[in-house]
There are 2 protein chains.
Amino acid sequence: MQHLEPSIEQRLTAEGIRLTQGRKSTILAIASMDGPRTAAEIHARVGDLVPLSSLYRSLAVLTEAGVLSSQHSSEGVARFELAEWFTGHHHHLICVSCGSVVDVTPTDDQEHAMTQLMEEMASDAGFTVSSHRFEIEGTCPVCR
Amino acid sequence: MQHLEPSIEQRLTAEGIRLTQGRKSTILAIASMDGPRTAAEIHARVGDLVPLSSLYRSLAVLTEAGVLSSQHSSEGVARFELAEWFTGHHHHLICVSCGSVVDVTPTDDQEHAMTQLMEEMASDAGFTVSSHRFEIEGTCPVCR
DNA sequence: TTCCTTGCAAACGATTTGCATTGGA
DNA sequence: TCCAATGCAAATCGTTTGCAAGGAA
(Lines give C-alpha, C1' and ligand atoms only; values in the text may rest on other atoms or scores of the structure.)
Protein backbone atom coordinates (compact mmCIF):
# COMPACT_ATOMS: atom_id res chain seq x y z
CA MET A 1 0.00 0.00 0.00
CA GLN A 2 1.84 3.07 -1.27
CA HIS A 3 -1.19 5.30 -1.18
CA LEU A 4 -4.17 5.10 1.09
CA GLU A 5 -6.69 2.53 -0.10
CA PRO A 6 -9.93 4.15 -1.29
CA SER A 7 -11.97 1.88 1.00
CA ILE A 8 -10.09 3.18 4.01
CA GLU A 9 -10.41 6.74 2.85
CA GLN A 10 -14.13 6.23 2.38
CA ARG A 11 -14.50 4.80 5.83
CA LEU A 12 -12.75 7.75 7.39
CA THR A 13 -14.86 10.22 5.47
CA ALA A 14 -18.00 8.31 6.40
CA GLU A 15 -17.05 8.49 10.05
CA GLY A 16 -16.51 12.21 9.75
CA ILE A 17 -12.80 11.95 10.41
CA ARG A 18 -10.40 14.37 8.82
CA LEU A 19 -7.68 12.84 6.73
CA THR A 20 -4.56 14.66 7.84
CA GLN A 21 -0.98 14.12 6.77
CA GLY A 22 -0.12 12.55 10.10
CA ARG A 23 -2.98 10.08 9.93
CA LYS A 24 -2.16 9.14 6.35
CA SER A 25 1.43 8.31 7.22
CA THR A 26 0.33 6.51 10.35
CA ILE A 27 -1.99 4.20 8.44
CA LEU A 28 0.55 3.64 5.68
CA ALA A 29 3.24 2.85 8.25
CA ILE A 30 1.04 0.28 9.95
CA ALA A 31 0.10 -1.26 6.62
CA SER A 32 3.74 -1.61 5.68
CA MET A 33 4.64 -3.62 8.78
CA ASP A 34 3.36 -7.17 9.09
CA GLY A 35 1.67 -8.11 12.33
CA PRO A 36 0.40 -5.79 15.06
CA ARG A 37 2.77 -2.99 16.04
CA THR A 38 3.33 -0.90 19.15
CA ALA A 39 2.99 2.88 19.24
CA ALA A 40 6.75 3.12 19.69
CA GLU A 41 7.41 1.00 16.60
CA ILE A 42 4.99 3.03 14.53
CA HIS A 43 6.50 6.23 15.86
CA ALA A 44 9.93 5.06 14.74
CA ARG A 45 8.52 4.80 11.22
CA VAL A 46 6.59 8.03 10.98
CA GLY A 47 9.46 9.82 12.71
CA ASP A 48 9.29 13.47 13.59
CA LEU A 49 6.26 13.94 11.40
CA VAL A 50 4.03 12.73 14.21
CA PRO A 51 4.95 13.22 17.88
CA LEU A 52 4.05 10.38 20.23
CA SER A 53 1.15 12.12 21.90
CA SER A 54 -0.49 12.90 18.58
CA LEU A 55 0.21 9.40 17.39
CA TYR A 56 -1.59 7.96 20.41
CA ARG A 57 -4.52 10.26 19.74
CA SER A 58 -4.69 9.21 16.10
CA LEU A 59 -4.45 5.54 16.98
CA ALA A 60 -7.35 5.93 19.39
CA VAL A 61 -9.47 7.75 16.84
CA LEU A 62 -8.68 5.31 14.05
CA THR A 63 -9.39 2.34 16.30
CA GLU A 64 -12.65 3.94 17.41
CA ALA A 65 -13.56 4.44 13.76
CA GLY A 66 -12.89 0.78 13.04
CA VAL A 67 -9.98 1.38 10.69
CA LEU A 68 -7.51 -0.13 13.14
CA SER A 69 -7.85 -2.77 15.79
CA SER A 70 -5.78 -2.99 18.94
CA GLN A 71 -4.90 -5.58 21.49
CA HIS A 72 -2.36 -5.84 24.27
CA SER A 73 0.64 -8.08 23.92
CA SER A 74 1.77 -10.38 26.71
CA GLU A 75 4.06 -7.64 28.05
CA GLY A 76 1.09 -5.32 28.37
CA VAL A 77 1.88 -2.90 25.58
CA ALA A 78 -0.78 -1.98 23.03
CA ARG A 79 -0.34 -3.18 19.47
CA PHE A 80 -2.19 -1.85 16.46
CA GLU A 81 -2.98 -3.27 13.05
CA LEU A 82 -5.43 -2.70 10.22
CA ALA A 83 -8.92 -3.90 11.13
CA GLU A 84 -10.12 -7.31 9.99
CA TRP A 85 -12.70 -5.98 7.51
CA PHE A 86 -9.64 -4.82 5.59
CA THR A 87 -7.03 -7.52 6.25
CA GLY A 88 -9.39 -10.45 6.68
CA HIS A 89 -9.96 -12.48 9.83
CA HIS A 90 -6.76 -13.89 11.27
CA HIS A 91 -4.90 -14.93 14.39
CA HIS A 92 -1.41 -14.45 15.75
CA LEU A 93 1.66 -16.60 16.09
CA ILE A 94 3.87 -15.13 18.78
CA CYS A 95 7.53 -16.05 19.13
CA VAL A 96 8.34 -16.50 22.82
CA SER A 97 11.98 -15.93 22.08
CA CYS A 98 12.13 -12.74 20.01
CA GLY A 99 8.59 -11.46 20.55
CA SER A 100 7.82 -11.19 16.86
CA VAL A 101 4.19 -11.55 15.87
CA VAL A 102 3.06 -13.08 12.60
CA ASP A 103 -0.43 -13.22 11.17
CA VAL A 104 -2.03 -16.56 10.30
CA THR A 105 -5.26 -16.80 8.40
CA PRO A 106 -7.26 -19.92 9.14
CA THR A 107 -8.84 -21.85 6.27
CA ASP A 108 -12.61 -21.91 6.15
CA ASP A 109 -12.60 -25.41 7.64
CA GLN A 110 -10.33 -24.36 10.43
CA GLU A 111 -12.33 -21.27 11.18
CA HIS A 112 -15.54 -23.26 11.16
CA ALA A 113 -14.11 -25.81 13.59
CA MET A 114 -12.89 -23.03 15.83
CA THR A 115 -16.24 -21.27 15.86
CA GLN A 116 -17.97 -24.49 16.78
CA LEU A 117 -15.56 -25.17 19.64
CA MET A 118 -16.05 -21.68 20.91
CA GLU A 119 -19.84 -21.90 20.87
CA GLU A 120 -19.73 -25.18 22.72
CA MET A 121 -17.46 -23.87 25.42
CA ALA A 122 -19.32 -20.58 25.87
CA SER A 123 -22.87 -21.87 25.90
CA ASP A 124 -22.36 -23.84 29.11
CA ALA A 125 -21.47 -20.64 30.91
CA GLY A 126 -24.43 -18.79 29.39
CA PHE A 127 -22.25 -16.46 27.35
CA THR A 128 -23.33 -15.01 24.02
CA VAL A 129 -20.23 -15.06 21.86
CA SER A 130 -19.29 -11.96 19.91
CA SER A 131 -15.68 -12.62 18.92
CA HIS A 132 -12.65 -14.68 19.69
CA ARG A 133 -8.92 -14.37 19.81
CA PHE A 134 -6.60 -17.30 19.37
CA GLU A 135 -2.97 -16.75 20.19
CA ILE A 136 -0.41 -19.40 19.49
CA GLU A 137 2.90 -19.11 21.29
CA GLY A 138 5.95 -20.88 20.05
CA THR A 139 9.34 -20.45 18.49
CA CYS A 140 9.73 -18.86 15.10
CA PRO A 141 11.92 -20.33 12.33
CA VAL A 142 14.60 -17.70 12.91
CA CYS A 143 14.94 -18.39 16.64
CA ARG A 144 14.76 -22.15 16.39
CA MET B 1 -9.27 -23.46 49.79
CA GLN B 2 -9.27 -22.28 53.41
CA HIS B 3 -5.70 -23.27 54.08
CA LEU B 4 -2.85 -23.46 51.68
CA GLU B 5 -2.87 -26.70 49.72
CA PRO B 6 0.06 -28.98 50.61
CA SER B 7 1.01 -29.30 46.96
CA ILE B 8 1.43 -25.55 46.70
CA GLU B 9 3.34 -25.39 49.95
CA GLN B 10 5.62 -28.13 48.71
CA ARG B 11 6.26 -26.35 45.49
CA LEU B 12 7.23 -23.15 47.28
CA THR B 13 9.56 -25.01 49.60
CA ALA B 14 11.08 -26.87 46.68
CA GLU B 15 11.73 -23.55 44.93
CA GLY B 16 13.38 -22.21 48.08
CA ILE B 17 10.72 -19.60 48.59
CA ARG B 18 9.79 -18.49 52.09
CA LEU B 19 6.19 -18.90 53.00
CA THR B 20 5.29 -15.62 54.65
CA GLN B 21 1.95 -14.43 55.98
CA GLY B 22 1.56 -11.99 53.11
CA ARG B 23 2.19 -14.67 50.49
CA LYS B 24 -0.18 -17.09 52.16
CA SER B 25 -3.03 -14.59 52.14
CA THR B 26 -2.18 -13.55 48.59
CA ILE B 27 -2.45 -17.11 47.30
CA LEU B 28 -5.60 -17.77 49.30
CA ALA B 29 -7.17 -14.56 48.02
CA ILE B 30 -6.45 -15.49 44.41
CA ALA B 31 -7.78 -19.00 44.96
CA SER B 32 -11.01 -17.61 46.38
CA MET B 33 -11.76 -15.48 43.32
CA ASP B 34 -12.72 -17.21 40.09
CA GLY B 35 -10.92 -16.19 36.95
CA PRO B 36 -7.71 -14.19 36.67
CA ARG B 37 -7.49 -11.11 38.89
CA THR B 38 -5.61 -7.83 38.77
CA ALA B 39 -3.15 -6.71 41.42
CA ALA B 40 -5.63 -4.05 42.50
CA GLU B 41 -8.41 -6.60 42.95
CA ILE B 42 -6.17 -8.88 44.95
CA HIS B 43 -4.96 -5.94 47.00
CA ALA B 44 -8.55 -5.07 47.84
CA ARG B 45 -8.91 -8.55 49.30
CA VAL B 46 -5.70 -8.83 51.28
CA GLY B 47 -6.17 -5.25 52.42
CA ASP B 48 -3.61 -3.49 54.58
CA LEU B 49 -1.85 -6.75 55.30
CA VAL B 50 0.06 -6.44 52.05
CA PRO B 51 0.93 -3.07 50.51
CA LEU B 52 0.75 -2.87 46.74
CA SER B 53 4.48 -2.82 46.14
CA SER B 54 5.00 -5.96 48.21
CA LEU B 55 2.04 -7.56 46.53
CA TYR B 56 3.58 -6.94 43.11
CA ARG B 57 6.84 -8.42 44.33
CA SER B 58 5.10 -11.51 45.67
CA LEU B 59 3.10 -11.95 42.51
CA ALA B 60 6.31 -11.81 40.48
CA VAL B 61 8.05 -14.34 42.71
CA LEU B 62 5.07 -16.70 42.77
CA THR B 63 4.68 -16.47 39.01
CA GLU B 64 8.37 -17.10 38.54
CA ALA B 65 8.07 -20.15 40.81
CA GLY B 66 5.21 -21.48 38.71
CA VAL B 67 2.59 -21.22 41.44
CA LEU B 68 0.75 -18.46 39.61
CA SER B 69 0.39 -17.60 35.97
CA SER B 70 -0.16 -14.14 34.56
CA GLN B 71 -1.44 -12.59 31.39
CA HIS B 72 -2.50 -9.14 30.32
CA SER B 73 -6.17 -8.39 29.84
CA SER B 74 -7.43 -6.48 26.82
CA GLU B 75 -7.05 -3.22 28.75
CA GLY B 76 -3.40 -3.98 29.31
CA VAL B 77 -3.49 -4.69 33.03
CA ALA B 78 -1.86 -7.83 34.41
CA ARG B 79 -4.11 -10.56 35.77
CA PHE B 80 -2.99 -13.42 37.99
CA GLU B 81 -4.43 -16.84 38.72
CA LEU B 82 -3.26 -20.18 40.06
CA ALA B 83 -1.09 -22.02 37.55
CA GLU B 84 -2.60 -24.67 35.33
CA TRP B 85 -0.80 -27.59 36.98
CA PHE B 86 -3.03 -26.79 39.92
CA THR B 87 -6.28 -25.62 38.33
CA GLY B 88 -6.08 -27.67 35.16
CA HIS B 89 -5.79 -26.35 31.63
CA HIS B 90 -8.51 -23.87 30.77
CA HIS B 91 -9.44 -20.80 28.74
CA HIS B 92 -11.25 -17.55 29.40
CA LEU B 93 -14.66 -16.16 28.63
CA ILE B 94 -14.51 -12.39 28.76
CA CYS B 95 -17.60 -10.23 29.08
CA VAL B 96 -17.27 -7.24 26.76
CA SER B 97 -19.83 -5.37 28.83
CA CYS B 98 -18.69 -5.72 32.44
CA GLY B 99 -15.18 -7.05 31.88
CA SER B 100 -15.66 -10.10 34.07
CA VAL B 101 -13.56 -13.12 33.23
CA VAL B 102 -14.73 -16.68 33.74
CA ASP B 103 -12.76 -19.88 33.36
CA VAL B 104 -13.86 -22.58 30.92
CA THR B 105 -12.30 -25.99 30.87
CA PRO B 106 -12.42 -27.70 27.48
CA THR B 107 -13.33 -31.36 27.31
CA ASP B 108 -10.64 -33.73 26.10
CA ASP B 109 -12.25 -33.81 22.66
CA GLN B 110 -12.40 -30.05 22.49
CA GLU B 111 -8.82 -29.65 23.64
CA HIS B 112 -7.69 -32.26 21.16
CA ALA B 113 -9.44 -30.48 18.32
CA MET B 114 -7.95 -27.19 19.39
CA THR B 115 -4.44 -28.56 19.58
CA GLN B 116 -4.80 -30.01 16.12
CA LEU B 117 -6.03 -26.71 14.68
CA MET B 118 -3.16 -24.92 16.30
CA GLU B 119 -0.53 -27.26 14.93
CA GLU B 120 -1.99 -26.95 11.45
CA MET B 121 -1.96 -23.19 11.54
CA ALA B 122 1.52 -22.90 13.04
CA SER B 123 3.32 -25.43 10.91
CA ASP B 124 2.80 -23.44 7.71
CA ALA B 125 4.68 -20.53 9.23
CA GLY B 126 7.44 -22.81 10.52
CA PHE B 127 6.61 -22.19 14.17
CA THR B 128 7.19 -24.76 16.88
CA VAL B 129 4.19 -24.48 19.17
CA SER B 130 4.75 -24.28 22.91
CA SER B 131 1.40 -23.08 24.20
CA HIS B 132 -1.82 -21.41 23.20
CA ARG B 133 -4.35 -18.99 24.56
CA PHE B 134 -7.94 -18.95 23.43
CA GLU B 135 -10.02 -16.01 24.53
CA ILE B 136 -13.72 -15.88 23.86
CA GLU B 137 -15.36 -12.50 24.03
CA GLY B 138 -19.07 -12.15 24.49
CA THR B 139 -21.80 -11.08 26.87
CA CYS B 140 -22.22 -12.78 30.22
CA PRO B 141 -25.61 -13.95 31.54
CA VAL B 142 -25.79 -11.02 33.96
CA CYS B 143 -25.24 -8.35 31.30
CA ARG B 144 -27.47 -9.93 28.68
C1' DT C 1 22.06 -15.50 62.97
C1' DT C 2 21.48 -15.12 58.14
C1' DC C 3 19.36 -13.83 54.24
C1' DC C 4 15.10 -13.36 52.23
C1' DT C 5 11.23 -10.38 52.46
C1' DT C 6 8.99 -6.23 53.60
C1' DG C 7 7.50 -1.20 53.64
C1' DC C 8 7.98 3.19 52.22
C1' DA C 9 8.82 6.50 48.87
C1' DA C 10 10.65 7.68 44.76
C1' DA C 11 11.43 6.21 39.86
C1' DC C 12 9.54 4.19 35.63
C1' DG C 13 7.44 3.47 31.06
C1' DA C 14 3.29 3.54 28.57
C1' DT C 15 -0.49 6.29 27.74
C1' DT C 16 -3.51 10.38 28.44
C1' DT C 17 -4.77 15.15 28.86
C1' DG C 18 -5.03 20.62 29.24
C1' DC C 19 -4.40 24.34 26.54
C1' DA C 20 -3.02 27.35 23.08
C1' DT C 21 -2.04 26.97 17.98
C1' DT C 22 -2.63 25.11 13.39
C1' DG C 23 -4.67 23.29 9.37
C1' DG C 24 -8.34 20.55 6.68
C1' DA C 25 -12.93 20.70 4.66
C1' DT D 1 -14.18 30.40 8.23
C1' DC D 2 -14.58 27.06 11.94
C1' DC D 3 -14.00 23.25 14.47
C1' DA D 4 -11.33 19.17 14.56
C1' DA D 5 -6.49 17.97 14.99
C1' DT D 6 -1.95 19.11 16.59
C1' DG D 7 2.27 19.96 19.60
C1' DC D 8 4.15 20.59 23.79
C1' DA D 9 4.51 19.77 28.57
C1' DA D 10 2.58 18.14 32.57
C1' DA D 11 -0.34 14.57 34.62
C1' DT D 12 -1.90 9.80 35.31
C1' DC D 13 -1.83 4.83 35.83
C1' DG D 14 0.06 0.44 36.51
C1' DT D 15 4.23 -1.38 37.86
C1' DT D 16 9.13 -1.54 39.47
C1' DT D 17 13.02 -0.49 42.42
C1' DG D 18 16.58 1.41 46.14
C1' DC D 19 17.34 1.11 50.68
C1' DA D 20 16.84 0.46 55.49
C1' DA D 21 14.16 -2.37 58.82
C1' DG D 22 11.77 -6.78 59.91
C1' DG D 23 10.95 -11.81 60.01
C1' DA D 24 11.23 -16.84 58.47
C1' DA D 25 14.34 -20.71 58.56
Side-chain angles (χ1 to χ4, degrees), chain A residues 3-4 6 8-30 36-65 67-80 99, chain B residues 4 8-27 29-30 36-65 67-80 99 101:
Chain A
H3 300 287
L4 219 48
I8 292 181
E9 224 165 300
Q10 280 162 26
R11 178 137 191 163
L12 290 174
T13 310
E15 298 273 344
I17 290 174
R18 287 188 188 168
L19 192 52
T20 65
Q21 269 313 311
R23 288 177 182 174
K24 262 184 208 163
S25 5
T26 298
I27 297 171
L28 288 173
I30 293 173
R37 295 294 161 185
T38 66
E41 288 168 344
I42 300 163
H43 182 242
R45 278 287 181 102
V46 293
D48 299 329
L49 210 137
V50 183
L52 254 185
S53 68
S54 302
L55 177 58
Y56 273 111
R57 261 192 282 234
S58 289
L59 292 171
V61 167
L62 294 171
T63 301
E64 179 67 26
V67 171
L68 301 181
S69 76
S70 76
Q71 353 119 203
H72 282 263
S73 68
S74 47
E75 316 92 62
V77 273
R79 288 179 170 273
F80 301 83
Chain B
L4 218 49
I8 292 181
E9 222 164 304
Q10 280 161 25
R11 179 137 191 161
L12 289 175
T13 309
E15 297 275 344
I17 290 173
R18 288 189 188 168
L19 192 52
T20 65
Q21 268 312 312
R23 287 177 182 174
K24 263 184 208 162
S25 5
T26 299
I27 297 172
I30 293 172
R37 297 293 161 185
T38 66
E41 288 168 343
I42 299 164
H43 182 241
R45 278 284 181 102
V46 293
D48 299 327
L49 210 137
V50 183
L52 254 185
S53 67
S54 301
L55 178 57
Y56 272 111
R57 259 192 282 233
S58 289
L59 292 172
V61 167
L62 295 171
T63 302
E64 179 68 25
V67 171
L68 302 180
S69 76
S70 77
Q71 355 120 202
H72 283 264
S73 68
S74 46
E75 317 92 62
V77 272
R79 288 179 172 273
F80 300 84
V101 184

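This is a predicted model, so every value here is computed, not measured. Order of the sequence lines fixes the chain letters, A, B, ..., with proteins taken first and strands second; residue numbering starts at 1 for each chain.
One interatomic measurement links the two molecules: NE2 of B:His72 to C1' of D:dG14, which rounds to 10 Å at whole-angstrom precision. B:Arg79 places its CZ atom 16 Å from the C1' atom of D:dT15, with the value rounded to the nearest Å. Distance B:Leu12 CG to C:dC4 P: 16 Å, rounded to the nearest Å. We find that CZ of A:Arg18 is positioned 5 Å from C1' of C:dG24, with the value rounded to whole Å. If you measure from atom NZ of B:Lys24 to atom P of D:dA24, you get 9 Å, rounded to the nearest angstrom. Counting to the nearest Å, the C1' atom of D:dC13 and the CD atom of B:Glu41 are 15 Å from each other. If you measure from atom CG of B:Leu19 to atom P of C:dC3, you get 21 Å, rounded to the nearest angstrom.
Under the side-chain contact (heavy atoms from CB on, under 4.5 Å) rule, B:Arg23 has a single partner from B:Leu59, B:Leu4, B:Ile17, B:Leu12, which is B:Ile17. The only member of B:Ile30, B:Leu49, B:Leu55, B:Thr20 that meets side-chain contact (heavy atoms from CB on, under 4.5 Å) when paired with B:Ser25 is B:Leu49.
Closest approach of A:Thr63 and A:Ser69 over heavy atoms only: CG2-CA, 4.4 Å. The two residues B:Arg79 and B:Pro36 make their nearest non-hydrogen contact at NH1-O, 2.8 Å.
Side chain of A:His72 to backbone of B:His72: no donor-acceptor contact under 3.5 angstrom is found. Not a single donor-acceptor pair under 3.5 Å links the side chain of A:His43 to the backbone N or O of A:Pro51. Without hydrogens or angle criteria, A:Thr26 side chain to A:Gly22 main chain gives a donor-acceptor distance under 3.5 Å.
Between A:Leu19 and A:Lys24, some side-chain heavy-atom pair lies under the 4.5 Å cut-off.
Of the candidate nucleotides C:dT5, C:dA25, D:dT15, D:dT15 has the atom nearest to the side chain of B:Ala78. The side chain of B:Val77 approaches D:dT15 more closely than any other nucleotide in the set C:dT5, C:dA14, D:dT15.
Note that the two end axes of the helix from C:dT1-D:dA25 to C:dA14-D:dT12 enclose an angle of 30°, each drawn from 5 base pairs, rounded to 10 degrees.
Comparing B:Val61 and A:Ile17 against DNA chain C, the residue whose closest nucleotide sits nearer the 5' end is B:Val61.
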### Message
Would B:Glu41 and B:Thr38 count as a side-chain contact (heavy atoms from CB on, under 4.5 Å) here? Give the steps.
### Response
CA-CA 5 Å; B:Glu41 288 168 343; B:Thr38 66; 3.2 Å; yes

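Of all the residues in residues 49-60 of chain B, B:Leu49, B:Pro51, B:Ser53, B:Ser54, B:Arg57, B:Ser58 reach under 4.0 Å from DNA chain C with at least one non-hydrogen atom.
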